[in-house]
There are 2 protein chains.
Amino acid sequence: MEKENSTLKSLKATEKEMRKNLILQATLTLFGEKQISEVSMRDIAKEAGISAALIYRHFKDRDELFIEAFILKSQEMITTFEHTILEKEIILVEDIGKEFVQYLVHNPLFFKMMTYFMLDHTLVEDHLERFNTTIRELLAIFDTGFKQSGLKQNVRLHSHAFFSALNGIMITFHHYPGRSEKEVEDHIERLTSLISSLFSKID
Amino acid sequence: MEKENSTLKSLKATEKEMRKNLILQATLTLFGEKQISEVSMRDIAKEAGISAALIYRHFKDRDELFIEAFILKSQEMITTFEHTILEKEIILVEDIGKEFVQYLVHNPLFFKMMTYFMLDHTLVEDHLERFNTTIRELLAIFDTGFKQSGLKQNVRLHSHAFFSALNGIMITFHHYPGRSEKEVEDHIERLTSLISSLFSKID
DNA sequence: TGTACATCAGTGAACGCGCGTTCACTGATGTAC
DNA sequence: TGTACATCAGTGAACGCGCGTTCACTGATGTAC
């Protein structure tokens, strides 16, 4: 009895989790299609094939839903990026730069969300903390690169500088006016390799 | 007659220009107080002490008003920054970095607007062009620094990289969580000087 | 096996609001004769 | 100097819309006896 009961309960819980995930996936799909601030609860409901009211059985409000979608996407990023970097024998600062920017270029959705949350003042304390935990995990990977290149001092400071410089390249040039997608990517690659080479000549 | 007529006409034109400027100033004031996307036409009218309908006698729509406000602020930035840099005898890359970031830190309004327009996809072609003209003027100043430091090749590429790296520092860390304003400024300064020193060791 | 009750996913409609923009109008000032 | 007309800054109210969120309700499924 007890056992069956708890199995049923956990089944139900899993189902609930899956429905919640369905909403999150619909949200992410729409984030890819339009400006994040323009995605409405009705849009999401329609995309998920449910009524808007149902979303509120899973998320407190729009803010919470958006943050959870971002956290989900961030964890995916960390996992992929960590895997790409840590499988290498020698972790070069140059590789980290290249791979990170490549990830951003090929996952514009993650990039879009990251900048959205970086520039939005209105994030509540609690949510901001979750966002920053993710960023810190990423910075830890950058640290590894600098340590392996022999840097002894100010490792985290270098990671901050390198990380933010790469962000800056993306933000400043991803909408380079009047250029094709290919040209933009090439330019971003050139800038990334210039910055990366500066950072790897440190020791 | 002819002369008086034209004087009167130009007086009227000046008056009109002043009223237009009043609206622009009200817009900028509100940009400083809240998120740019949250500033409404009614807010602006209230701040300027006029009715919302009057704004439409001076600007085609909200988009045009916002762009003109940004152009105004950008020209102010260019003028100030150019003056600060070009009065120096030797123009060091390090100084450009320091002064530019200092300008952004002390003029959060300009910084806010710049990032708003960089990340907003919805800018019309024509407006985007005006925005980029401003950025190019700024890059020209960066170029001067690199040329004076003896850089012969890829000057504009270096300016792009340096400029975007500084932007990245600002964007990534201006909301460093749980730190005081002073601590944030110090951190940004440290990062700026690290990046600047990398860029000035080039030749 | 049957019945009364509890739980809860799910919904359509509505609430209350603020938005960008337009409209029809007023009234002050200038112009022509 | 007086009068008829044109111009135009300026306005309050309204239009039409979409938003986040809540409410009262349905109906399916599980539970207890």
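By convention in this document, chain letters (A, B, ...) are assigned in the order of the sequence lines, proteins followed by strands, and residues within each chain are numbered from 1. Note that the structure is a prediction, hence the values are computed from the model and not measured.
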Does A:Arg62 reach a base, just sugar-phosphate, or nothing at all? Heavy atoms under 4.0 Å. sugar-phosphate

Would you kindly give the CD-to-P distance between A:Glu15 and C:dC8, to the nearest whole Å? 13 Å

Could you tell me how far apart A:Leu54 (CG) and D:dG20 (C1') are, to the nearest whole angstrom? 16 Å

A:Asp61 CG to D:dC19 C1', straight-line distance once rounded to whole Å: 14 Å

Residue A:Arg57, side-chain heavy atoms: nucleotide from C:dA9, C:dT21, D:dC23 that is nearest: C:dA9

Would a line drawn from the ring center of A:Phe117 to the ring center of A:Phe66 be shorter than 6.0 Å? no

Looking only at D:dT11, C:dT22, C:dT11, the nucleotide nearest the A:Ser51 side chain is C:dT11

Applying the Watson-Crick and G-U wobble criteria at under 3.5 Å, what pairs with D:dT1? Answer none if nothing qualifies. none

Rounded to whole Å, the CD1-P distance (B:Ile44 to D:dT11) equals 15 Å

Nucleotide paired to D:dA28 in any strand shown, Watson-Crick or G-U, under 3.5 Å: C:dT7

Checking all strands, does B:Ser40 fall into the base, sugar-phosphate, or nothing category for heavy-atom contacts under 4.0 angstrom? sugar-phosphate

Under a 3.5 Å cut-off for both distances, is C:dA13 Watson-Crick or wobble paired, and to whom? D:dT22

How close or far is atom C1' of C:dT22 from atom CE of B:Met41, stated in whole angstroms? 12 Å

Take atom OH of A:Tyr56 and atom P of D:dC19, then tell me their distance rounded to the nearest Å. 11 Å

Let me know the distance between CD1 of B:Ile50 and C1' of D:dG10, rounded to the nearest Å. 9 Å

Qualifying residue, where the test is ring-ring contact (aromatic ring centres under 6.0 Å, His included) with B:Phe100 and the options are B:Phe163, B:Phe111, B:Phe162: B:Phe163

Could you state the CG-C1' distance from A:Asp43 to D:dG20, rounded to the nearest angstrom? 12 Å

With hydrogens left out and only the distance checked, is there a donor-acceptor pair under 3.5 Å joining B:Arg42's side chain and the base of C:dG18? no

Looking only at heavy atoms, the pair that brings B:Met114 and B:Phe131 closest together is O-CZ, 4.2 Å

Measure the acute angle between the ring planes of A:His187 and B:His160, then classify it against the limits of 30° and 60° as parallel, tilted or perpendicular. perpendicular

Check A:Arg179 with A:Glu185, please: is the shortest side-chain N to carboxylate O separation under 4.0 Å? no

